[in-house]
Amino acid sequence: NIPANGAFPNTYDLKFLYNAPGSKEVKIITLKVKDFSTANASLDDFYKKLQPYDGQGKTAALESTEDQNIFKFLLFAFLGGLILNLMPCVLPVISLKLFGLIQHKDYSQKRLLAHNFSYTCGVVATFLILALIIAGLKATGEEVGWGFQLQSPAFILIMMIILFVMSLNMFGLFEFNTPFGNKIGGTKVEESFLGDFLGGVLTTILSTPCSAPFLGTALTFAFTTSYLMIFVMFTFIGLGLAFPFMITALFPRTLSLLPKPGMWMEKLKYFLGLTLLVTVIWLYDVFVNLVDFDFMSMKLNVLFALWFFAFFFAQKISKNRFFKTFFIILPLILTGLTIDGLQMRKVSVMAQAKGTPFKPWSEEAMTAEKGKFIFVDFTAAWCLTCKVNKKLVLETDGFEELAKKHQMVLMRADWTRRDDKITQFLKRFNIFGVPAYFIQKPDGSVVSLGETISLRKIEEKLTP
């Protein structure tokens with residue numbers, strides 16, 4: 001029997017007589033089949049899965065006769081990383097880096113290059129660490145996708161605290177000092193290269209919830225090819241993300257486009273501190289969707305109050321080292337206890353939101369509604385691109401009228417928390433992150449709409 005959900009219980013080796021398009025050489029090949037989908041199928045996708053069969057039960061890699069044009073995907077990865085600089089996920093941290101560039105306007109090109117190279121190293125190193133984690137998880141059979149780390153409440157809590165502390169720094173409650181004081185070898189250290197590196201780390205972490213044009217194509221290629229390609233693609237995404245700042249180092253005259261330093265920068269610092277707090281609020285909302293918030297809401301509020309008081313005490317009340325150390329250790333301990341006591345939510349908040357016409361998604365639900373048009377929204381609380389698409393398309397009168405016109409069944413799949421069923425479904429369509437949108441037609445065929453949607457694009461798929 002052919003399974004309705006497209007997933008076989010076991011992997012099957014299917015043999016074919018294969019006439020290679022390029023060399024015209026005829027071979028017996030085998031295709032390992034675990035699941036299937038008729039959506040967006042092409043001969044190129046089929047050829048990529050084929051492997052030569054040697055008649056003894058062994059398979060070897062088949063060299064593709066088609067030009068995979070890897071340079072195109074590298075370009076897409078670079079452009080996707082470059083566009084991430086404009087995404088709301090990273091704008092607060094990018095603004096901090098721009099603020100630093102204004103301060104550095106009078107530095108020598110060599111020093112500018114050193115600062116921006118440190119930032120670039122932070123970006124690329126973090127992407128490589130993400131690639132290493134993804135490759136490791138894939139090797140153990142785990143299903144992962146873009147932005148997977150934001151499915152961890154402990155990770156989000158740590159990010160919230162880091163950004164909160166950074167906002168306190170912008171408000172002047174404390175200043176970062178280098179570990180060895182302000183002199184190293186008799187040379188004054190006005191700016192920390194470690195700070196630039198950590199800024200690159202933070203920018204990368206905050207960029208992963210966002211999806212950008214070209215990025216989905218590059219990630220699909222990376223996730224569906226070799227482990228090496230994951231590292232290569234992630235490196236080029238990182239280089240794209242850091243590219244604007246490397247340009248300012250290689251061509252210092254571009255800094256003349258930035259305003260001159262002045263007293264206005266002090267007010268800008270406060271504004272940037274507010275943008276960091278807005279980012280904390282966004283992560284707070286994501287955190288609420290991940291955990292049993294009623295269980296720990298008071299603990300979390302006390303935790304942030306203690307972090308604030310620790311720095312306020314050191315700056316405004318007392319310089320006594322013992323008390324300063326005590327009030328720093330206290331929130332650190334509470335942070336550890338909070339992480340240890342995290343409890344994941346048992347239900348999907350997004351799927352149960354009051355007033356929404358969307359039903360919770362499952363493949364069984366799609367099968368049960370066969371014979372109708374079904375629109376499925378794959379989303380997550382931490383995905384800002386999802387929120388933009390939701391506001392501009394899914395919550396409009398036009399979409400509501402379109403749904404009524406075609407009597408569409410609306411479903412929403414919430415990937416805020418880790419969900420292997422969602423991950424596996426997306427993987428069958430070579431999609432490794434959200435947003436993602438699908439239409440199941442009355443005949444049961446499923447069409448992927450990609451990561452960007454419009455009313456026109458949706459209606460085109462609903463008409464014969």
Side-chain angles (χ1 to χ4, degrees), residues 3-9 34-37 39 130 133-157 159 208-211 216 219-220 223-224 282-283 285-293 295 342-353 356 358-369 374-387 389-390 394 409-440 446 448-451 453:
N5 63 2
F8 292 110
K34 174 64 178 176
D35 49 46
F36 66 90
S37 170
L130 288 174
I133 295 172
I134 289 172
L137 290 173
K138 284 173 65 69
T140 60
E142 294 286 337
E143 304 289 351
V144 291
W146 183 248
F148 72 95
Q149 71 275 17
L150 287 176
Q151 295 172 334
S152 165
F155 179 85
I156 292 178
L157 178 59
M159 288 300 303
T208 52
C210 284
S211 181
L219 289 173
T220 296
F223 278 78
T224 55
W282 162 57
L283 289 174
D285 179 64
V286 176
F287 187 79
V288 168
N289 284 300
L290 282 172
V291 301
D292 185 357
F293 189 67
F295 171 76
L342 288 177
Q343 295 184 9
M344 295 290 285
R345 290 186 73 93
K346 304 301 182 185
V347 296
S348 168
V349 172
M350 300 184 72
Q352 292 188 344
T356 176
F358 285 81
K359 301 177 181 179
W361 170 88
S362 70
E363 292 197 66
E364 292 76 15
M366 291 180 70
T367 302
E369 297 287 356
I374 303 173
F375 179 88
V376 188
D377 170 24
F378 284 81
T379 185
W382 39 261
C383 172
L384 293 183
T385 309
C386 302
K387 295 180 185 294
N389 288 342
K390 186 177 179 182
L394 301 184
V409 177
L410 306 180
M411 296 184 182
R412 177 162 289 148
D414 182 6
W415 206 41
T416 302
R417 296 179 293 116
R418 181 180 175 84
D419 189 321
D420 287 338
K421 290 183 179 180
I422 292 178
T423 308
Q424 290 167 6
F425 182 87
L426 293 176
K427 183 182 177 182
R428 291 207 296 274
F429 293 86
N430 286 334
I431 297 175
F432 299 91
V434 291
Y437 306 94
F438 297 88
I439 289 178
Q440 178 174 293
V446 180
S448 172
L449 300 178
E451 61 189 26
I453 54 172

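Just so it is clear, the structure is predicted and the values come from calculations on it, not from any experiment.
- The pair Asp414-Arg412 fails the salt-bridge criterion, with no side-chain N (NZ, NE, NH1 or NH2) lying under 4.0 Å from an Asp/Glu carboxylate O.
- When all heavy atoms of Ala436 and Leu426 are compared, the closest pair comes out as CB-CD2, 3.8 Å.
- For Trp282 against Trp382, the heavy-atom pair with the smallest separation is CZ2-O, 3.1 Å.
- Residues passing the side chain to side chain donor-acceptor pair (under 3.5 Å) test with Asn389, sequence neighbours excluded: Tyr437.
- Across all non-hydrogen atoms, the minimal contact from Ser448 to Ile431 is OG-CD1, 3.6 Å.
- Atom CG of residue Leu157 and atom CG of residue Leu290 lie 11.0 Å apart, to the nearest 0.5 angstrom.
- Within the 4.5 Å cutoff, the side chain of Phe155 has no heavy atoms near those of the Leu283 side chain.
- Taking OG1 of Thr367 as the start and CD of Gln440 as the end, the distance is 6.5 Å to the nearest 0.5 Å.
- Closest approach of Phe432 and Trp415 over heavy atoms only: O-CH2, 4.1 Å.
- Separating the CZ atom in Phe425 from the CZ atom in Phe378 is a distance of 4.5 Å, to the nearest 0.5 Å.
- Closest of all the heavy-atom pairs between Ala380 and Val434 is CB-CG2, 4.0 Å.
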Hey, mind stepping through Met411 and Met366 against side chain to side chain contact (heavy atoms under 4.5 Å, CB included) and telling me if it holds? CA-CA 9 Å; Met411 296 184 182; Met366 291 180 70; 3.9 Å; yes

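- When all heavy atoms of Val409 and Glu369 are compared, the pair lying nearest together is CG2-OE1, 3.8 Å.
- In this structure, Ile453 CD1 and Asp377 CG are separated by 7.0 Å, a value rounded to the nearest 0.5 Å.
- Formation of a donor-acceptor pair under 3.5 Å by the Thr379 side chain with backbone atoms of Cys386 is not found in this model.
- For the atom pair CG of Leu449 and CZ of Phe375, the computed distance is 6.0 Å after rounding to the nearest 0.5 Å.
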